[in-house]
2 protein chains.
Amino acid sequence: MNRQELVQLIRDRRSYLCIGLDTDIHKIPKHLLSHPDPMFAFNKAIIDATKDLCVAYKINTAFYECQGIRGWESLQRTVEYIPKEIFTIADAKRGDIGNTSSYYAKTFYETYGFDSVTVAPYMGHDSVQPFLGFPEKWAIVLGLTSNVGSADFQMQPLKDEKLYEKVIRTCASWGSPDNMMFVVGATQADVVADIRKIVPDHFFLVPGVGAQGGSLKDISEKGMNKEAGLLVNASRAVIYAGNDERFADDAHAAALQLQKEMAGYL
Amino acid sequence: MNRQELVQLIRDRRSYLCIGLDTDIHKIPKHLLSHPDPMFAFNKAIIDATKDLCVAYKINTAFYECQGIRGWESLQRTVEYIPKEIFTIADAKRGDIGNTSSYYAKTFYETYGFDSVTVAPYMGHDSVQPFLGFPEKWAIVLGLTSNVGSADFQMQPLKDEKLYEKVIRTCASWGSPDNMMFVVGATQADVVADIRKIVPDHFFLVPGVGAQGGSLKDISEKGMNKEAGLLVNASRAVIYAGNDERFADDAHAAALQLQKEMAGYL
């Protein structure tokens, strides 16, 4: 999916909601466990209930990988089930030497057909660039993450700026707003306005609203640009809004509340 | 595997060779392609030919992931086939918020049974610590990597030290030499002696010998400690030493040459 299509989708739906399918076999409603593929059954119901309210689904690969091969089967079924007009994110946080990164890019863009993959920047340009050479595919580079550990290294001061600023500024020079986004945690709203100055045109993927404590209002006011420029993710707050046979209705209600709030900010 | 066992293995075999199973379906000898699982058939032959010369096998997950589910099947068969007395490394470079990192730890330590997994440190302590709570399992944290992109961020100066020094010093305080190692690229031999001063007792996993240009002699002289403290990886230089029906014999010869050189440094 290209940027123009993504921006149009956001305008049409009056939403920049990304729903995170952090599907934990131990947390899904018990009645699904008799299904041959419980994780997919859960995701299918969540997608059916929310696909008109969001513009992206983010699949956190760890939750699938830990189930071994059957987890990857659930992941594959899920990404194939997501309607083609919705942006898909493999939240995999990959990154390695160039030769290896190119295999990760192929994995998520081609083998599974995602629109994008999250990328860890620590190894530098030759670890990031292999994710940039695919038309209408996106590398979503970790900038400033939502967790407390972001203080350990990302916040460290270099000569003129903090590490995360250096990372965002430098990575932006390797790609463009058409093939790169940045992860900017919602718990870091106080610095989002400054990051927006560094990369005025890039999309931000914003985790951390809901369970992690970030404010949708703050991040929207401080991070939005003229094209919206935000994909705000909610995972647990939507997919585990309920935990019984009405879980999909509860997820719909939670997503609808977020979408309505977003419509107000757009 | 615990540290004492690993050190004993190195002494017994007079080797600190790690063989990287970077198995590329497009590079393995053509006669294997008729096998129902060509990647595993290749790995099985390499393991049979080299298992008495090395102390570790490192599986670069990207090469398997890009093949989709059948790649994970090849990976699983391979790790199950590796003799139990040999140290196993999932070179997966994972790292995410704590909740997610704990799923990655389970994936590689429990679902697939690896002894260790490589971990990207950018997200800080809550992304690394979930990899440390498993008895006789190891997080191998990226310190200073072998690729040219290591200059982009890892080499950046902070107030008193470079970022990679801060990363190594800080991460070392979260674990111990019994549950943490560091990736230190062989192409960085000039600074390995300095890193050894920061973490005198930790093992280093050293990629970059061979195809990437690092010198085994340099890294051994500058990085070794009293327990050896090194796992030096060779991937392409061993597994693709030959490319016909004698490929396993060629891999044996390449591994033997490295082992003999290592015996001289021990």
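Within every chain, numbering begins at 1; the chains are lettered A, B, ... in the order of the sequence lines, protein sequences first and strands thereafter. Not measured: the values here are computed from a predicted model.
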Quick one: which residues of residues 56-63 of chain B reach chain A at under 4.5 angstrom, heavy atoms only?
-> B:N60, B:T61, B:A62, B:F63
Could A:R94 and B:E65 be called an ion pair, given the rule that one side-chain N must be under 4.0 Å from one carboxylate O?
-> yes
Name all residues meeting the side-chain contact (heavy atoms from CB on, under 4.5 Å) criterion together with A:K166; count only those two or more places apart in sequence or in a different chain, and write none if there are none.
-> A:L158, A:E161, A:T170, B:F153, B:Q156
CG on A:D96 to OG1 on B:T145, rounded to 0.5 Å | 8.5 Å
Side chain, backbone, both or neither: which part of B:R70 has a heavy atom under 4.5 Å from chain A?
-> neither
Is there a donor-acceptor pair under 3.5 Å between the side chain of B:T111 and the backbone N or O of A:C66?
-> yes
Counting heavy-atom pairs under 4.5 Å with chain A, the top scorer among B:L163, B:T107, B:I97 is B:T107
Could I get the full list of side-chain contact (heavy atoms from CB on, under 4.5 Å) partners for B:A105, not counting sequence neighbours?
-> B:Y109, B:F131, B:F134
What is the distance from atom CD of B:Q67 to atom OH of A:Y103, rounded to the nearest 0.5 Å?
-> 8.5 Å
Does the pair B:I69 and A:Q76 meet the rule for a side chain to side chain contact (heavy atoms under 4.5 Å, CB included), with working shown?
-> CA-CA 9 Å; B:I69 285 156; A:Q76 185 162 24; 3.1 Å; yes
Relative to chain B, which of A:D24, A:D22, A:L75, A:L144 shows the most heavy atom pairs under 4.5 Å?
-> A:D24
Residues 118-128 of chain A vs chain B, non-hydrogen distance cutoff under 4.5 Å, contacting residues -> A:P121, A:Y122, A:M123, A:G124, A:H125, A:D126
Honestly, the part of B:Y112 sitting under 4.5 Å from a heavy atom of chain A is side chain
Given that the side chain runs from C-beta out, which part of B:K159 has a heavy atom under 4.5 Å from chain A: side chain, backbone, both or neither?
-> backbone
